A.B. asks: 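Below: one structure in structure tokens.
Remember, predicted model here, so these are calculated numbers, not experimental data.
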Number of protein chains: 2
Amino acid sequence: MQIDAIDRKILALLQEDGRISIADLSARVGLSPSPCLRRVRALEASGLIARYVAVLNQRAAGLPVSVFVSIKLERQREEALDAFSAAIRRWPEVLECYLMTGQRDYLLRVVVADLESYERFLKTKLTRLEGIASIESSFALEQVKYSNVLPLG
Amino acid sequence: MQIDAIDRKILALLQEDGRISIADLSARVGLSPSPCLRRVRALEASGLIARYVAVLNQRAAGLPVSVFVSIKLERQREEALDAFSAAIRRWPEVLECYLMTGQRDYLLRVVVADLESYERFLKTKLTRLEGIASIESSFALEQVKYSNVLPLG
DNA sequence: GGTGAAATTTTAGGTGC
DNA sequence: GCACCTAAAATTTCACC
């Protein structure tokens, strides 16, 4: 999809406030509401805008702990890798998961209420998966920055 | 703030779709629109709902690369730590930053278009900061999961 | 917490530049 | 492709029970 400067401005504003009205949005990007709405719909249809969500305050929700987990998998069949991915996607404690360069390395961000909850997650879920060679956990004390705004142009 | 089962349901739905109408939301949680809207406003005022945003597709936006950067700081004055945090918050390439347990360790997620852009970020920004003892970069090949939905009750 | 009505916003259509 | 206008539909919001 072709993106121009006005689209970038629209995307920037929607990333800051996903509920801004088309009237306000169009005024801020220098268009009238009709073409502005058309652009937003086109950006949604193209998949560039993936979804609109409410972002909660992790601490206020009683889930102040983020744990970063490095997982190394044993050499194995494709099927086991798919099972790993599927489990990750299913577990609500895992908010982010990345396949890292190098070998069979995954990085997870796990969100829990406290260390006890994390231990429970480890014992009842993660360590029960087959094919894991090693697990290493690092704990975040403080969220210095948490943004969804991509650095467009 | 006191949260009950209906509030948790509201939060779950809003985290999935930040633009769901009050009419739909109220029907799905088993309330009429008025009290449902009152609850949503209370959740916003309490800070539990931090904000509403549009989530973009990183790949479609031409920024497919996430780099995780571990930074160790030298022992130093509080002032320098604040300068570090301030810079991190200002740089749009850094989407997430966590202060980790242990010592002066930070973990960053940096989003860029390609490795060249990452080198530019390193050379013109990160390595110019004072008080950094070491920098270690790991590259994500694939985003297996990226969610904003907290595991509430 | 529910009801109903008013106010605001969204959204689609049509014309001309 | 955009501005402008109009109008219908949907949604938000509020006073009141």
A.B. asks: Check A:Glu96 with B:Arg109, please: is the shortest side-chain N to carboxylate O separation under 4.0 Å?
C.D. replies: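 Yes, B:Arg109 and A:Glu96 are salt-bridged.
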A.B. asks: Where do N or O atoms of nucleotides 4-6 of chain D meet protein N or O atoms at under 3.5 Å, pair by pair?
C.D. replies:
none

A.B. asks: Between A:Lys145 and B:Ile88 (side chain of the first, backbone of the second, donor and acceptor by atom type, cut-off under 3.5 Å), is there such a pair?
C.D. replies: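 The answer is yes, because a donor-acceptor pair under 3.5 Å joins these two groups.
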A.B. asks: Could you label the plane-to-plane angle of the A:Phe84 and A:Tyr106 rings as parallel, tilted or perpendicular, counting under 30° as parallel and over 60° as perpendicular?
C.D. replies: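 Rings of A:Phe84 and A:Tyr106: tilted, 30 to 60°.
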A.B. asks: Would you indicate which nucleotide in D:dC2, C:dG1, D:dT13 comes nearest to any side-chain atom of A:Leu31?
C.D. replies: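 The listed nucleotide nearest to A:Leu31's side chain is D:dC2.
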A.B. asks: Given D:dC14, is OP1 or OP2 found less than 4.0 Å from the side-chain N or O atoms of B:Arg38?
C.D. replies: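 It does not, given that no N or O in the side chain of B:Arg38 lies less than 4.0 Å from OP1 or OP2 of D:dC14.
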A.B. asks: In this structure, is the centre-to-centre distance between the rings of A:Tyr98 and B:Phe68 below 6.0 Å?
C.D. replies: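 Ring centres of A:Tyr98 and B:Phe68 closer than 6.0 Å.
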A.B. asks: Indicate, with a heavy-atom threshold strictly under 4.0 Å, whether A:Gly30 touches base, sugar-phosphate, or nothing.
C.D. replies: sugar-phosphate
A.B. asks: With a 4.0 Å cut-off, would you call B:Arg39 and B:Asp7 a salt bridge?
C.D. replies: yes
A.B. asks: Quick check: does any side chain N or O of B:Ser85 sit under 3.5 Å from a backbone N or O of B:Asp82, one acting as donor and the other as acceptor?
C.D. replies: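 Not confirmed, B:Ser85 side chain does not pair with B:Asp82 backbone.
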A.B. asks: What integer distance in Å separates A:Leu25:CG from C:dT10:C1'?
C.D. replies: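 Atom-to-atom, A:Leu25 to C:dT10, this comes out as 13 Å.
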A.B. asks: Between A:Lys125 and A:Glu93, does at least one N-O distance fall below 4.0 Å, as a salt bridge requires?
C.D. replies: yes
A.B. asks: With the threshold set at under 4.0 Å for non-hydrogen atoms, list the residues of residues 7-23 of chain B touching DNA chain D in residue-number order.
C.D. replies: B:Ser21, B:Ile22, B:Ala23
A.B. asks: Check the pair A:Ile10, A:Cys36 against side-chain contact (heavy atoms from CB on, under 4.5 Å), reporting the backbone distance first and the verdict last.
C.D. replies: CA-CA 8 Å; A:Ile10 289 174; A:Cys36 184; 4.3 Å; yes
A.B. asks: Can you tell me the distance, in whole Å, between the CZ atom of A:Arg39 and the P atom of C:dT10?
C.D. replies: 18 Å
A.B. asks: Starting at the 5' end of DNA chain C and moving along, which residue's nearest nucleotide shows up first, A:Asp24 or B:Asp4?
C.D. replies: B:Asp4
